[in-house]
Amino acid sequence: MLLAERFDVDEIATEAHQPDYNVAPRASVYGIVERMPGARVLESLRWGLVPSWAKDTKIGDRMINARAETLAEKPAYKHAFARRRCILPADGFYEWRLQPRQGARKAHKQPMFIHRRDGDPLAFAGLWETWCDPSDADGPWVASCVIVTTRPNEMLEPIHDRMPVVLGEDAWSTWLDPENHDLCRLAPLLVPAPSEWLEAYPVSTRVNKASSNGPDLVDPIEPETLFQ
DNA sequence: CCAGACGTTGTT
DNA sequence: GTCTGG
DNA sequence: CCAGACGTTGTT
DNA sequence: GTCTGG
């Protein structure tokens with residue numbers, strides 16, 4: 001499998017499924033994790049971190065982004081940041097650019113697709129946790145994750161004021177190593193990716209609807225249809 | 001001490 | 001579990 | 001993030 | 001306006 005090769009995964013702990021182009025919170029995403037140092041496993045993770053102490057999974061619905069600036073202090077992320085960092089691979093991500101329209105009182109929100117220029121998948125920095133219902137000890141374990149965000153790089157700045165942390169290949173081992181507790185080696189990774197890595201282009205507003213999906217969502221749209 | 005939250009983005 | 005607010 | 005709902009009683 | 005669901 002392509003992802004497993006690209007991320008040098010040793011074990012695939014999840015069945016392959018079709019890629020999602022419009023992932024919503026609570027959906028499953030791929031994650032690369034190391035429970036043991038150096039042993040990379042491709043897992044299926046629910047997007048929206050459910051901390052181990054949660055009474056139910058509801059809390060995960062709003063734990064979809066974690067600010068890099070405060071990761072180490074937030075009760076909900078502290079443990080995962082210390083021991084359960086992961087990589088969340090993605091073809092790209094969407095941001096909505098406010099685009100004032102002549103004669104319109106409301107600005108148009110133009111969805112943009114951001115991806116790597118070299119065509120490789122992005123490696124989002126993420127955190128993950130496992131949870132099991134405290135009222136049902138025999139119930140299933142739920143593995144969940146959260147995407148780490150930071151300030152935007154130069155290229156994204158006109159589009160949005162935050163962006164996911166995108167790790168370069170040279171940072172993967174340091175980030176994934178569960179025995180690395182050295183903040184001085186982790187903190188420098190949580191910075192905006194170089195603008196040169198990325199490209200942004202406008203896509204159809206069909207992506208606004210969570211039920212829309214499929215590869216055509218990332219098709220570039222013509223400038224004429226920018227202002228519909 | 002106990003109770004209650006535990007998060008982010010964007011918009012007004 | 002752990003932090004904050006009262 | 002956007003889209004879409006925005007409610008209760010009583011029954012299974 | 002604000003919350004929930006995807």
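Chain letters run A, B, ... following the sequence lines, proteins first, then strands; residues in each count from 1.
Comparing the same atom, C1', in E:dG6 and in B:dC6 gives a spacing of 23 Å after rounding to whole Å. Between B:dG4 and E:dG5, the two C1' atoms lie 25 Å apart (nearest whole Å). With P as the reference atom, B:dT8 and D:dA5 are 30 Å apart, rounded to whole Å. Rounded to a whole angstrom, the distance from the P atom of E:dT2 to that of D:dG7 is 14 Å. The same atom, C1', is picked in D:dT9 and in E:dC3; the two are 22 Å apart, to the nearest Å.
Applying the ring pair (Phe, Tyr, Trp, His ring centres under 6.0 Å) rule to pairs touching residues 44-76 of chain A yields nothing, sequence neighbours excluded. Residue pairs meeting the ring pair (Phe, Tyr, Trp, His ring centres under 6.0 Å) criterion with at least one member in residues 62-91 of chain A: none, sequence neighbours excluded. Within the structure, salt bridge (charged side-chain N to carboxylate O under 4.0 Å, His left out) contacts touching residues 35-54 of chain A (residues at least two apart or in different chains) are A:E34-A:R40, A:R35-A:E43, A:R46-A:D61.
Every residue meeting the salt bridge (Lys or Arg N to Asp or Glu O under 4.0 Å) condition with A:D216, not counting sequence neighbours, appears here in chain and number order: A:R206. Scanning for ring-ring contact (aromatic ring centres under 6.0 Å, His included) contacts around A:Y21 gives an empty result, with sequence neighbours left out. With sequence neighbours excluded, the residues satisfying ring-ring contact (aromatic ring centres under 6.0 Å, His included) with A:F7 are A:W172. Listed by chain and residue number, A:M163, A:V166, A:W197 satisfy the side chain to side chain contact (heavy atoms under 4.5 Å, CB included) test with A:A193 (two or more places apart in sequence, or in another chain).
For the pair A:N208 CG and D:dA3 C1', the interatomic distance rounds to 9 Å; values are reported in whole Å. In this structure, A:L127 atom CG and C:dG1 atom P are separated by 20 Å, rounded to whole Å. Look at CZ on A:F93: it is 14 Å from C1' on B:dT9, rounded to the nearest Å. A straight line from CZ of A:R151 to P of B:dT9 spans 14 Å, rounded to a whole angstrom. Rounded to an integer number of Å, the gap from A:K55 NZ to B:dG4 P is 10 Å. Straight-line distance from the CH2 atom of A:W96 to the P atom of D:dA3: 9 Å, rounded to whole Å. The interatomic distance linking A:I64 (CD1) with B:dC6 (P) rounds to 15 Å, in whole Å. B:dT9 atom C1' lies 12 Å from atom CG of A:L98, rounded to whole Å.
Note on A:Y94: nothing from the nucleic acid sits closer than 4.0 angstrom, heavy atoms only. Residue contacts for A:R67: at a heavy-atom cut-off of 4.0 Å it reaches the sugar-phosphate backbone alone, with no base atom in range. Residue A:T149 is classed as a sugar-phosphate contact, given heavy-atom separations below 4.0 Å to backbone atoms only. A:A76 comes within 4.0 angstrom of sugar-phosphate atoms only, judged by non-hydrogen atoms across all strands, and of no base. Among the protein residues, A:D161 comes within range of the sugar-phosphate backbone only, with heavy atoms under 4.0 Å from sugar or phosphate atoms but none that close to a base.
Judged by distance alone, with hydrogens and angles left aside, the side-chain atoms of A:R97 form no donor-acceptor pair with the main-chain N or O of A:Q110 at under 3.5 Å. The main-chain N or O of A:V218 is found under 3.5 Å from a side-chain atom of A:Y201 such that the two form a donor-acceptor pair.
Distances shown here put a side-chain N or O of A:R162 below 4.0 Å from the OP1 or OP2 atom of B:dT9. Between A:T205 and the phosphate of D:dC2, there is no side-chain N or O to OP1/OP2 separation shorter than 4.0 Å. Between A:S212 and D:dC2, a side-chain N or O to OP1/OP2 separation shorter than 4.0 Å is absent.
The listed nucleotides are B:dT8, B:dT11, D:dA3; the one nearest the side chain of A:K74 is B:dT8. Candidate nucleotides B:dT8, B:dT11, C:dG1 were compared by shortest atom distance to the side chain of A:N65, and B:dT8 ranks first. Side-chain proximity of A:K209 to the nucleotides B:dT9, B:dG7, D:dG4 is greatest for D:dG4.
Ring centroids of A:F93 and A:H115 are separated by 6.0 Å or more, keeping the two rings apart.
Listed by first residue number, the stems of DNA chain B with at least three Watson-Crick or G-U pairs below 3.5 Å are B:1-6 with C:1-6.
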Sort me out a list of protein N/O and nucleotides 3-6 of chain C N/O pairs below 3.5 Å, or just none if empty.
from, atom 1, to, atom 2, distance (Å)
C:dC3, OP1, A:K78, NZ, 2.7

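With A:V9 as the partner, the side chain to side chain contact (heavy atoms under 4.5 Å, CB included) test is satisfied by one option alone out of A:L42, A:L3, A:V41: A:L42.
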